[in-house]
Q: 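If you scroll down you'll find the structure; I have some questions about it.
So that the names make sense, note that chain A is the first sequence line, chain B the second, and so on, each numbered from 1.
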Protein chains: 2
Amino acid sequence: MAPRVTNPNFMNGVPELLVLTLLQQEEMYGYEIVQAIRSRTDAIIAVGEGVVYPVLHGLERDGALTARRKTVNGRSRIYYSVTPVGSYRLADLSRSWIHLATAIQRMLTGGQHGEAIP
Amino acid sequence: MAPRVTNPNFMNGVPELLVLTLLQQEEMYGYEIVQAIRSRTDAIIAVGEGVVYPVLHGLERDGALTARRKTVNGRSRIYYSVTPVGSYRLADLSRSWIHLATAIQRMLTGGQHGEAIP
DNA sequence: TGCAATGCCTTGAACTTCGAGGTAATATGG
DNA sequence: CCATATTACCTCGAAGTTCAAGGCATTGCA
């Protein structure tokens, strides 16, 4: 048989990557994350709440985040922090992304296998 | 109302980008493209035939590719070439990808808005 | 003869994301 | 003082992709 591909959805995990990246830098809450992604990428990337909240819940369920409730100005917010598990996961996703982006970059520039970019 | 996001699936168009990139360099057929992507990215990216063939058909339908049948060693192959329309589309997808990758890269490195990378 | 590789193709399940909607509290402005 | 916008949480269905597997036919090799 022809060799079969085993590629668990090569483009996934980017929203998760972005969320973890932000939370690694500072504690944040959902609504804030949505806008931080939008503003820090100059609106090039704009994921909606329908993406961010499920990601947060999933990461918390997996022990990658911890949540604590805080009330500021009478507004109830849920702040998330990265756990060691989350740090590990971030490093992992980050590596994957770099690999992927580098591979695509090489394709675009016509570069071949072990080509250095000086 | 809170500002709504308008983001037609920000991670899409990568398989199309890869296919067009390869075909811009040289005429190729479907089966060959599948393996070229695999080998040139050192198996970091491995899209299956179930992705490539629909992409080829779609691009041809849109006038971005032309197909011609050729028989080599008794094997019937369909070679695809990029049309001017396809070149334009490639340039477009390429720009989008660079934008996206740069934005994510900035997030990862903690870089802020108009930060230069010297 | 049988199995692997070449080469085309389609399809169903699984997964993500989008877009919209729902709830509730606090500012703001006319 | 009341209507609207903003903050802040959440969920869900529709739409779109990708994956994995399968089918078909031919050629090469042991």
Q: Would you kindly give the CZ-to-P distance between B:F10 and C:dG19, to the nearest whole Å?
A: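 Taking atom P of C:dG19 as the reference, CZ of B:F10 is at 12 Å.
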
Q: Toward the 5' end of DNA chain C, which comes first, A:V55 or B:R75, by nearest nucleotide?
A: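 The 5'-side residue here is B:R75.
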
Q: Any luck finding a side-chain donor-acceptor pair between A:R69 and A:S76 under 3.5 Å?
A: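 A:R69 vs A:S76: donor-acceptor pair found between side chains.
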
Q: May I ask whether A:L22 and A:Y88 are part of the same hydrophobic cluster, defined by side-chain heavy atoms of I, L, V, M, F, W, Y residues being less than 4.5 angstrom apart, directly or through others?
A: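 As far as the 4.5 Å side-chain criterion goes, A:Y88 and A:L22 are not connected within one cluster.
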
Q: Only one of B:T41, B:V52, B:I33 clears side chain to side chain contact (heavy atoms under 4.5 Å, CB included) with B:V47; which?
A: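 Per the side chain to side chain contact (heavy atoms under 4.5 Å, CB included) rule, the option paired with B:V47 is B:V52, out of B:T41, B:V52, B:I33.
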
Q: For the pair made of CG in B:L56 and P in C:dC8, what is the distance, rounded to whole Å?
A: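 In whole Å, C:dC8 P and B:L56 CG are 9 Å from each other.
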
Q: Which nucleotide wins on minimum distance to the side chain of A:P54, given the candidates C:dC8, D:dT11, C:dC18?
A: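 Looking only at side-chain atoms, A:P54 lies closest to D:dT11.
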
Q: Counting only side-chain nitrogens and oxygens, does B:H57 get under 4.0 Å of the OP1 or OP2 atom of C:dT10?
A: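 Yes, within the criterion.
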
Q: Atom CD of B:Q35 to atom C1' of C:dG7: distance rounded to whole Å?
A: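 From B:Q35 CD to C:dG7 C1': 10 Å.
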
Q: Heavy atoms under 4.0 Å, any strand shown: does A:G50 hit a base, just sugar-phosphate, or nothing?
A: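 Base contact.
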
Q: Nearest to the side chain of A:N12 - C:dC8, C:dC15, D:dT18?
A: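 It is C:dC15.
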
Q: To the nearest angstrom, how far is A:Y79 atom OH from D:dC9 atom C1'?
A: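 Answer to the nearest Å: 14 Å.
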
Q: With respect to the side chain of A:Y53, which nucleotide from D:dC10, C:dC9, C:dC18 is positioned closest?
A: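 Nearest to the side chain of A:Y53 among the choices is D:dC10.
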
Q: To the closest 0.5 Å, what do you measure between CZ (B:R77) and CD (B:E32)?
A: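 One gets 7.0 Å once the value is rounded to the nearest 0.5 Å.
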
Q: So, OP1 or OP2 of C:dG7: does either fall under 4.0 Å of a side-chain N or O from B:Y29?
A: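 Yes, within the criterion.
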
Q: Side chains of A:E27 and A:Y80: does their closest heavy-atom pair fall under 4.5 Å?
A: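 In short, these two side chains do not touch, never coming nearer than 4.5 Å.
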
Q: Using atom CG of B:N73 as one end and atom P of C:dT6 as the other, report the distance to the nearest whole Å.
A: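 So the two atoms are 12 Å apart, to the nearest Å.
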
Q: OP1, OP2 of C:dT6 versus side-chain N and O of B:Y31: anything below 4.0 Å?
A: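 So the side chain of B:Y31 is within the cut-off, an N or O lying under 4.0 Å from OP1 or OP2 of C:dT6.
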
Q: Which of the following nucleotides, C:dT10, C:dT16, D:dA8, is nearest to the side chain of A:R77?
A: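 Per side-chain heavy atoms of A:R77, the pick is D:dA8.
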
Q: Without decimals, in angstroms, what is the distance between B:M28 CE and C:dG7 C1'?
A: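 Distance, rounded to whole Å: 14 Å.
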
Q: Distance check needed: C:dT16 C1' versus A:L18 CG, whole Å only.
A: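 Distance, rounded to whole Å: 14 Å.
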
Q: What is the distance, to the nearest angstrom, from the CE atom on B:M11 to the P atom on C:dC15?
A: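 So the two atoms are 19 Å apart, to the nearest Å.
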
